[in-house]
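For reference, the structure discussed in these notes is given below.
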Amino acid sequence: MVGLLGFGIVLAGLLVAGLARGSLDWRELFTQGLLGGVLLFLDVQGLLSLEAFDARLAREYFGPSERELMQQRIDELATSRAAMLQAVDTERRRIERDLHDGVQQRLVALAMLLGRARRGRTPEQAGSLLEQAHNESQDVLTELREVAWRVYPAALDNLGLQEALAGVSERCSIPIRMDFTLAEPLPASVETAAYFVVSESVTNAAKHSAATEILVSVRRHGPVLVVRIEDNGVGGARAAGSGLTGLHSRVGALDGRLHVHSPLGGPTTITAELPCA
């Protein structure tokens, strides 16, 4: 290739010298220019081929073997499975805590109110206690719906990801701007992961960030769904926190990637890349 390039340089020098002397007519100029272009094309193609050949040799002799790549993939899947199981156990403990500390306590209070109403000495006292019991039952139903929604939103199956995220926006105490741009349906596992990424991130922002606005973007770039949540809060979110660790496990189970950027002073940006294929 170097020799071919040198030959082309010599021809180019002769062509320039002929032009300077004025000894070339247009036919010779055209022929020399055509020959030079062909030589340049061959030289560039040869250099590209040599580069590809060199890279292939480097991968073959210095890169990991098929067995090593397979073992690495097995290790990644084992780690992902273990992390997913841990995330599921953590979620179960959270659900148990929500039911025990929230719904169960309210049901105990409801039972006590009904017991007092049964023992009421006057109709007025019984009526007041029944009214309190009715209000308490409404609160129990509301909290039970919240717990059920956090476990798995029915709207995700019935209405789709966009409506499920709209429900997250309605229940959040911080205003959310939603940028949802999807033209095609997604696999169910990807929709579920995207929903929980948004839900957990928004919940963390509402609890810890002191933000006044959250931007949620859901877009598809080729075979990858990109979910981005940004708030204007104080920052300082830890990627090793319990909530974000669960998201890492959920996204990793789909061979996706989760990026957390949260410098002190903000803003906090969480980006999930989920393969759709």
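- Shown here is His134, whose NE2 atom has no more than 12 heavy atoms of other residues, nucleotides or ligands within 6.0 Å.
- Atoms CG and CD, from Leu215 and Glu230 in turn, are 6.0 Å apart once rounded to the nearest 0.5 Å.
- Minimum interatomic distance between Leu258 and His248 (heavy atoms only, all atoms of both residues): O-CE1, 3.3 Å.
- A distance of 10.0 Å separates CG of Leu40 from CD of Gln45, quoted to the nearest 0.5 Å.
- Cluster annotation: Phe180 is connected to Val216 through the hydrophobic network of ILVMFWY side chains, with a link wherever side-chain heavy atoms come within less than 4.5 Å.
- With rounding to the nearest 0.5 angstrom, the CZ atom of Arg118 is 13.0 Å from the CG atom of Leu129.
- Thr212 and Asn232 are linked by a side-chain donor-acceptor pair at a separation below 3.5 angstrom, with hydrogens and angles left out of the test.
- Side chains of Asp75 and Gln71: a donor on one and an acceptor on the other come within 3.5 Å.
- Of all heavy-atom pairs between Gly235 and Thr268, the closest is CA-OG1, 3.3 Å.
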Original post:
Thr192 and Arg250: side-chain contact (heavy atoms from CB on, under 4.5 Å), yes or no, with the steps?
Top reply: CA-CA 10 Å; Thr192 302; Arg250 187 181 292 275; 4.2 Å; yes

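- A continuous path of ILVMFWY side-chain contacts below 4.5 Å connects Leu182 to Val168, so both sit in one hydrophobic cluster.
- Rounding to the nearest 0.5 Å gives a distance of 7.0 Å between CD1 of Ile270 and CG of Leu247.
- The shortest side-chain heavy-atom distance between Asp231 and Ile174 does not fall under the 4.5 Å cut-off.
- Hydrophobic cluster membership differs between Val224 and Val197, with clusters built from Ile, Leu, Val, Met, Phe, Trp and Tyr side chains linked at under 4.5 angstrom.
- Residues Leu69 and Gln72 are in side-chain contact: their nearest non-hydrogen atoms beyond the backbone lie under 4.5 Å apart.
- Shown here for Ala194 and Leu274, the closest heavy-atom pair between the two residues is N-CD1, 3.9 Å.
- The CD atom of Glu170 sits 8.5 Å away from atom CD of Glu163, with the distance rounded to the nearest 0.5 Å.
- For the residue pair Ser262 and Gly236, the shortest heavy atom distance occurs at OG-N, 2.9 Å.
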Subject >> side-chain contact (heavy atoms from CB on, under 4.5 Å) assessment of Leu110 paired with Asp139 >> reply: CA-CA 10 Å; Leu110 177 60; Asp139 294 338; over 6 Å; no

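- Not a single donor-acceptor pair under 3.5 Å links the side chain of Ser209 to the backbone N or O of Val234.
- Atom CD of Glu273 is separated from atom CG of Asp255 by 12.5 Å, given to the nearest 0.5 angstrom.
- A continuous path of hydrophobic side-chain contacts links Val227 to Val260 [ILVMFWY only; heavy atoms under 4.5 Å].
- Taking both residues in full, the closest heavy atoms of Arg257 and Val251 are given as N-CG1, 3.4 Å, listed atom of the first, atom of the second, then distance.
- Side-chain atoms of Ile176 and Leu165, non-hydrogen and from C-beta on, never get closer than 4.5 Å to each other.
- Side-chain contact check for Thr271 versus His261: every heavy-atom pair is 4.5 Å or farther apart.
- Atom CD of Gln105 has more than 12 heavy atoms from other residues, nucleotides or ligands within 6.0 Å.
- Atom CZ of Arg116 has 12 or fewer neighbouring heavy atoms from other residues, nucleotides or ligands inside a 6.0 Å radius.
- Looking at Ser199, its side chain never comes within 3.5 Å of a backbone N or O of Tyr195 through a donor-acceptor pair.
- Residues Leu48 and Val44 meet the side-chain proximity criterion, which asks for heavy atoms closer than 4.5 Å.
- Nearest heavy atoms, Leu186 versus Cys276: CD2-SG, 3.8 Å.
- Side chain of Arg220 to backbone of Gly222: a donor-acceptor contact under 3.5 angstrom is found.
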